[in-house]
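What follows is one structure encoded as structure tokens, with my remarks underneath.
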There are 2 protein chains.
Amino acid sequence: MKRHCGIWGHRLRNYGFKCTPGRELILEILETSEEHLSPEEIYSKVKDEHPEIGLTTVYRTMEILNNLGMVIKLDIGDGRARYELSEDHSKKSHHHHLICSTCKKIIDYNDFVEDEKVYLLKIEKALEKRHNFKINNHVIQFYGKCSTCNKNEEKI
Amino acid sequence: MKRHCGIWGHRLRNYGFKCTPGRELILEILETSEEHLSPEEIYSKVKDEHPEIGLTTVYRTMEILNNLGMVIKLDIGDGRARYELSEDHSKKSHHHHLICSTCKKIIDYNDFVEDEKVYLLKIEKALEKRHNFKINNHVIQFYGKCSTCNKNEEKI
DNA sequence: CTACCTGCAAACTCTTTGCAAGCAG
DNA sequence: CTGCTTGCAAAGAGTTTGCAGGTAG
């Protein structure tokens with residue numbers, strides 16, 4: 001059966017992977033949902049539309065996308081992986097994360113990113129040279145307590 | 001039996017925890033070993049000296065130390081936790097990590113840290129104000145390929 | 001047609017928990 | 001003594017894998 005592949009399917013093919021309903025759906029979900037989805041969360045959204053697709057496919061797809069650099073794998077310390085479309089593939093602009101250690105809420109911020117970009121690029125270049133390393137990604141996360149958790153703690 | 005508690009034991013007591021052989025040993029190991037140890041690695045070193053101490057104790061101790069801020073819990077994407085003594089409690093200076101996505105090797109670097117400190121402090125203050133967040137830690141990691149893995153890849 | 005892809009179930013790995021016994025303070 | 005700590009075994013959670021059947025190209 002000939003499948004009609006959308007933009008995501010075509011990208012996958014460019015990378016030498018097949019365009020399948022599951023893979024396309026997962027990518028669509030990543031594009032239209034809020035960020036930082038865990039495999040289980042992606043799976044639950046997948047099931048709404050295509051109940052026949054399994055959790056295993058989500059895991060396998062996410063690994064492919066991560067290897068291709070199409071998604072970024074985050075770890076916010078809640079014991080499960082979380083993914084978001086990489087800058088190059090999403091409409092969202094470059095941002096970093098503010099993570100509440102208590103409730104695990106994630107706040108995206110892109111204040112200072114222009115500053116950061118210049119600064120990080122400088123560091124990356126220097127580190128690459130000094131340590132003979134090919135850098136292709138960075139993670140910057142600030143951990144702390146969000147306003148809600150702060151208030152709750154004061155009450156105790 | 002009266003126990004003779006070392007510097008680490010005293011610190012634990014200051015925090016309201018008991019000084020036990022297991023806890024002291026784990027802290028000594030953290031101080032004298034290379035960084036970024038996983039629970040299993042710590043356990044293996046513990047066993048060399050005190051085979052009666054169990055892995056569970058390592059996990060429980062690391063959680064305490066993490067909550068107290070005495071250690072930093074790292075996640076380098078190899079599916080297990082890794083710990084290092086926090087800056088305040090170790091002799092090592094502030095540093096960040098360069099992580100090879102392929103072999104998971106970690107390179108500590110402290111080039112630019114002075115620059116970074118000033119810059120990060122500025123960002124932290126601004127983020128705290130704007131997002132009403134109490135920041136108490138940050139993670140900065142660069143991911144890429146180390147020289148060895150780069151060479152290996154070229155051969156393929 | 002063929003190699004890649006999939007769902008299912010089982011396996012695996014790391015981490016956490018319940019419990020009775022042990023020990024620090 | 002008393003309540004925090006511990007080791008063990010078992011449970012839990014997230015992720016990976018083997019395999020037989022399915023499908024994209």
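Numbered from 1 within each chain, the chains take letters A, B, ... in sequence-line order.
- For the pair Asn14(B) CG and dA24(C) C1', the interatomic distance rounds to 16 Å; values are reported in whole Å.
- There is a side-chain donor-acceptor pair under 3.5 Å between Glu84(B) and His95(B).
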Restricting to nitrogen or oxygen on both sides, can you table the protein-nucleotides 9-15 of chain C pairs closer than 3.5 Å?
residue : atom : partner  : partner atom : Å
dC14(C) : OP1  : Arg80(B) : NH1          : 3.1
dC14(C) : OP1  : Arg80(B) : NH2          : 2.9
dT15(C) : OP1  : Ala81(B) : N            : 2.8
dT15(C) : OP2  : Tyr59(B) : OH           : 2.4
dT15(C) : O5'  : Tyr59(B) : OH           : 3.3

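- Summarising the geometry, the separation between CD1 on Ile53(B) and C1' on dT6(D) is reported as 10 Å, rounded to the nearest angstrom.
- Under the 4.5 Å side-chain criterion, counting only non-hydrogen atoms from C-beta, Leu55(B) is in contact with Glu40(B).
- Side-chain N/O atoms of Thr20(A) include none lying less than 4.0 angstrom from OP1 or OP2 on dC4(C).
- At a threshold of 4.0 angstrom between heavy atoms, the contacts of Glu52(B) are confined to the sugar-phosphate backbone, with no base atom among them.
- Put simply, the side chain of Val139(A) reaches to within 4.5 Å of the side chain of Tyr143(B), judged on heavy atoms.
- Rounded to an integer number of Å, the gap from CD of Glu63(B) to C1' of dT5(D) is 14 Å.
- Under the 2.5 Å SG-SG cutoff, Cys149(B) and Cys103(B) do not qualify as a close cysteine pair.
- Per the geometry, NE2 belonging to His50(B) stands 14 Å off P belonging to dC23(C), to the nearest Å.
- If you check dG25(C), dC19(C), dC8(C) against the side chain of Arg60(B), the one that comes closest is dC19(C).
- Nucleic acid contact for Arg23(A): sugar-phosphate only, since backbone atoms but no base atoms lie under 4.0 Å from a heavy atom of the residue.
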From CA spacing to verdict: side chain to side chain contact (heavy atoms under 4.5 Å, CB included), Met70(B), Leu27(B):
CA-CA 10 Å; Met70(B) 290 178 71; Leu27(B) 278 159; 4.2 Å; yes
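- In this structure Tyr109(B) satisfies the ring pair (Phe, Tyr, Trp, His ring centres under 6.0 Å) test with no other residue, sequence neighbours excluded.
- Taking atom NE2 on His10(B) and atom P on dA24(C), their separation rounds to 14 Å, with Å as the unit.
- Regarding contacts with the backbone of dG25(D), a side-chain N or O of Arg13(A) is found under 4.0 angstrom from either OP1 or OP2.
- Between Ile106(B) and the choices Gln141(B), Glu35(B), His97(B), Glu34(B), the side chain to side chain contact (heavy atoms under 4.5 Å, CB included) rule is met once, by His97(B).
- One can place CD of Glu24(B) at 16 Å from C1' of dT6(D), the figure rounded to the nearest angstrom.
- In this structure, Leu25(B) places its CG atom 17 Å from P of dT5(D), rounding to the nearest Å.
- Closest approach to the Pro21(A) side chain among dA24(D), dT17(D), dC4(D) is made by dA24(D) (side chain taken as heavy atoms from C-beta onward).
- Residue Lys18(A) contributes atom NZ, which lies 13 Å from atom P of dT2(C) at whole-angstrom precision.
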